[in-house]
Structure formats: structure tokens, C-alpha cells
Amino acid sequence: MDESFTDQELAFLRHARFGELPDRVRPEEQVQSVETDARRDLPEPVGDPATWRDLHAGG
């Protein structure tokens, strides 16, 4: 069953899920961010590097 919602219904559902959105940031208030921390999507290597190579190779 395909349900289609009106824009008003979708706006209500967004508000119910996320609450009140903050005000939009104006271009003059924006700043460029620079990533300085280490990547967090990879685990820290622990132990013997040869063991890691074996695990990556499926051995």
C-alpha cells in the first residue's frame, strides 16, 4: 500500500521526530573546520603487525 503525505503532514512528522530545528546559520557566521583528530573509523592497531596482515588476508 502506497501512502503519500501532504507537505503539511510531512512537516508535522519531521517536527514530531526531530523537534524544533535551530535557526539557520548565516554565511557570515560560518567557519571552516579542519579535522585534526585521528580517524575514528578504523581501530587502533594492537599487537604484532604480522597478525593484522594475516587477519586482513583471511588467514
Side-chain angles (χ1 to χ4, degrees):
M1 178 166 139
D2 262 348
E3 288 188 61
S4 61
F5 295 99
T6 66
D7 288 343
Q8 189 176 11
E9 291 170 326
L10 288 172
F12 170 77
L13 292 173
R14 276 192 301 274
H15 186 272
R17 181 171 182 186
F18 299 109
E20 190 70 29
L21 294 176
D23 292 336
R24 178 173 284 186
V25 177
R26 297 188 317 231
E28 61 270 11
E29 296 173 337
Q30 295 178 1
V31 295
Q32 182 177 2
S33 64
V34 178
E35 185 70 30
T36 58
D37 293 335
R39 292 180 57 175
R40 296 177 187 206
D41 59 340
L42 298 173
E44 292 290 325
V46 176
D48 183 18
T51 305
W52 279 89
R53 281 193 303 274
D54 292 342
L55 290 173
H56 285 282

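Computed from a predicted structure; not experimentally measured. Residue numbers start at 1 and run along the sequence shown.
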Determine all donor-acceptor pairs shorter than 3.5 Å in which one atom belongs to a side chain in residues 27-34; sequence neighbours excluded.
| unit_1 | atom_1 | unit_2 | atom_2 | d |
| --- | --- | --- | --- | --- |
| E28 | OE2 | R26 | NE | 2.7 |
| E29 | OE1 | R26 | N | 3.3 |
| E29 | OE2 | R26 | NH2 | 3.4 |

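Screening residues 9-25 for salt bridge (Lys or Arg N to Asp or Glu O under 4.0 Å) gives no qualifying pairs among residues at least two apart or on separate chains.
A distance of 15.5 Å separates CG of D7 from CZ of F12, quoted to the nearest 0.5 Å.
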